[in-house]
There are 2 protein chains.
Amino acid sequence: MGALTTKGAATRQRIVEGAAETIRERGVMDTTLDDVRARTRTSKSQLFHYFPGGKEELLLAVARFEADRVLADQQPYLGELTSWAAWWAWRDRVVERYREQGRQCPLNVVMSQVGHSTPGAQAVVNELTLRWEAEIATGVRHMQAAGEIDPGIDPGRAAAALLAGIQGGVLLHLSTGRLTHLEAALDMGIGHLRDSAARLSRPYGAGA
Amino acid sequence: MGALTTKGAATRQRIVEGAAETIRERGVMDTTLDDVRARTRTSKSQLFHYFPGGKEELLLAVARFEADRVLADQQPYLGELTSWAAWWAWRDRVVERYREQGRQCPLNVVMSQVGHSTPGAQAVVNELTLRWEAEIATGVRHMQAAGEIDPGIDPGRAAAALLAGIQGGVLLHLSTGRLTHLEAALDMGIGHLRDSAARLSRPYGAGA
DNA sequence: CTTCTTTTGGACTTGCCGGTCCATTTTGCC
DNA sequence: GGCAAAATGGACCGGCAAGTCCAAAAGAAG
């Protein structure tokens, strides 16, 4: 399946996006190939033409697609965490993203239902986690260099904690419908980093 | 299905536990009623006798069962968060629980796969979240009363943040196989609370 | 012992859904 | 225009798993 015409690529893309939408709405478990077929106005043979591995391969493609979207949605904020204003803007962007999205979660669904089983999907999730965490960690280092965060803090670990908070917040949003947890986790995480700076200057009695 | 003999109740229980085990090992998606039947040495008619609602009702029962286990596993620590030592012991208990459990997650699986769809399962998850959060919040208040946590901190919000961190940490543990995120989230969360106390006494130059 | 209820066994039905296959059309290319 | 490769349509298959049903065994209760 090496060669792909323009038309072919477009169809493939349409299938992936259609599948992603369906999955977002109904979850992996309740999404059948026929659903995808109907929504994307394609035939069975097309599905298997572009995804010879069947449902599993399609799901993997969807996972990749969603993973990219997650990070893209947080730009440009995530890539520029060089001031506290940027950090809060990022925070707001994340919260807003999930508010808009309501109860449907693009990635967590794929993550928990596909990522669990197949090694291929594992890789996708792993890479996303790594990239996401790296961006946050870079932001932490920026602020450390600027003297705004205690240099004693491990950037990687701080990023891991923040990411965990986000993931959990989203998960709880899915189950409870409230964004409280996500907000609280982000506020505490960022707040902790900011407070570490205050601790730096306080011992000498300096205000800010 | 009002009357239940001793034998009947035992069978019902056996089914729920067997189903829970199977689901933990293979996930909801790959668990069939026949799997449960085989493991629990029961017949089709028994399954539908005790769970007339079929698979969905059984899944709900499993969700309840697992929800109870989650909290039970954290006792007695979770119920007695009255000293920093207790907080760290609790932290270790949580981490340990998931280390033992490996990559299988009793509740997150049920949570994301069942809780999403049916309103009944939603209620189960909601109640668990509420109880869990309440216990943590109580712990925070204890420490505030003891002057070990800044009284300006909102216990409910702190509990929400911590819980989000735990959930996310577990989720990432499922996907990546590492416990780093869970540990980092807990350490940061509890560390943040503890630091708030230091901030209290620091302005006057007192050491501890 | 009888009778009614609960529990159990397991064959059978039914529908769905992933996957296969081949025929046909469209497209790219010279 | 003509040829090969790619794209598409859709009938068909096979298996699996949820759910139904009836009939029989095991217990309670008097």
Side-chain angles (χ1 to χ4, degrees), chain A residues 1-23 25-63 109-110 113-114 117-118 120-121, chain B residues 1-23 25-63 109-110 113-114 117-118 120-121:
Chain A
M1 201 203 61
L4 246 288
T5 34
T6 320
K7 193 179 179 188
T11 303
R12 200 194 126 101
Q13 185 67 10
R14 201 170 77 239
I15 294 174
V16 171
E17 288 176 12
E21 285 167 27
T22 311
I23 288 174
E25 288 168 13
R26 309 226 285 269
V28 171
M29 226 172 38
D30 299 335
T31 297
T32 76
L33 291 187
D34 266 344
D35 292 333
V36 177
R37 222 179 44 60
R39 179 185 291 245
T40 60
R41 290 180 313 282
T42 48
S43 67
K44 227 31 175 322
S45 68
Q46 283 170 290
L47 255 47
F48 283 87
H49 179 66
Y50 295 107
F51 304 95
K55 195 178 190 181
E56 188 165 320
E57 190 176 341
L58 174 57
L59 251 33
L60 200 65
V62 170
V109 168
V110 180
Q113 291 173 31
V114 188
S117 42
T118 87
Chain B
M1 200 205 61
L4 247 289
T5 50
T6 319
K7 193 179 179 188
T11 303
R12 199 195 126 101
Q13 184 68 10
R14 201 170 76 239
I15 294 175
V16 171
E17 287 176 13
E21 284 168 28
T22 312
I23 288 174
E25 287 170 13
R26 307 227 286 268
V28 171
M29 229 171 35
D30 300 334
T31 296
T32 76
L33 290 187
D34 265 344
D35 292 332
V36 177
R37 222 179 44 60
R39 178 184 291 243
T40 60
R41 291 179 313 285
T42 47
S43 67
K44 230 21 178 325
S45 68
Q46 282 170 291
L47 256 46
F48 283 86
H49 178 67
Y50 296 107
F51 305 94
K55 196 177 189 183
E56 187 165 320
E57 190 176 341
L58 173 58
L59 251 34
L60 200 65
V62 170
V109 167
V110 179
Q113 291 172 32
V114 189
S117 42
T118 86

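Here is how names work: the chains are called A, B, and so on, in the same order as the sequence lines, proteins then strands, and each is numbered from 1.
As rounded to whole Å, 13 Å separates atom C1' of D:dA26 from atom NE2 of B:H49. Here C:dC17 presents its C1' atom at 15 Å from CE of A:M29, a figure rounded to the nearest Å. Atom CG in A:L4 sits roughly 9 Å away from atom P in D:dA6 (whole-Å rounding). Straight-line distance from the CG atom of B:D30 to the C1' atom of C:dG18: 14 Å, rounded to whole Å. A:L47 has its CG atom 17 Å from the P atom of C:dC21, to the nearest Å. D:dA11 atom C1' lies 12 Å from atom CZ of A:R37, rounded to whole Å. Put simply, CG on A:D35 is 13 Å from C1' on C:dG18, counting in whole angstrom units.
Every residue two or more places apart in sequence or in another chain that forms a side chain to side chain donor-acceptor pair (under 3.5 Å) with A:S45 is listed here: A:S43. Among residues two or more places apart in sequence or in another chain, the side chain to side chain donor-acceptor pair (under 3.5 Å) test is passed with A:R39 by A:E21, A:T22, A:E25. Every residue meeting the side chain to side chain donor-acceptor pair (under 3.5 Å) condition with A:D34, not counting sequence neighbours, appears here in chain and number order: A:R37. With sequence neighbours left out, the salt bridge (Lys or Arg N to Asp or Glu O under 4.0 Å) criterion links B:R14 to no other residue. For A:A61, the side chain to side chain contact (heavy atoms under 4.5 Å, CB included) partners two or more places apart in sequence, or in a different chain, are A:R12, A:V16, A:F51. Residues passing the side chain to side chain donor-acceptor pair (under 3.5 Å) test with B:T40, sequence neighbours excluded: B:T42.
Applying the 4.0 Å criterion to OP1 and OP2 of D:dT8, one finds that A:T42 has every side-chain N and O outside that range. Put simply, B:Q46 has no side-chain N or O that comes within less than 4.0 Å of OP1 or OP2 on C:dT7. Within the structure, every side-chain polar atom (N or O) of A:Y50 is placed at least 4.0 Å from both OP1 and OP2 of D:dA6.
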Practice prompt. Do nucleotides 24-30 of chain C as a string where each nucleotide becomes B, S or -: B if the base has a protein heavy atom under 4.0 Å, S if just the sugar-phosphate does, - if no protein is that close.
Written response: --SSS--
Worksheet item: What is the per-nucleotide protein-contact pattern of nucleotides 12-22 of chain D, from the 5' end, where B denotes a base atom under 4.0 Å from a protein heavy atom, S denotes such proximity for sugar-phosphate atoms only, and - denotes neither?
Response: -----SBBBB-
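With a 4.5 Å cut-off on side-chain heavy atoms, B:D30 and B:D35 do not count as touching. Two residues are said to be in side-chain contact when any heavy atoms from C-beta on lie closer than 4.5 Å; B:T11 and B:I15 meet this criterion. The closest side-chain heavy-atom distance from B:F48 to B:L33 is below 4.5 Å.
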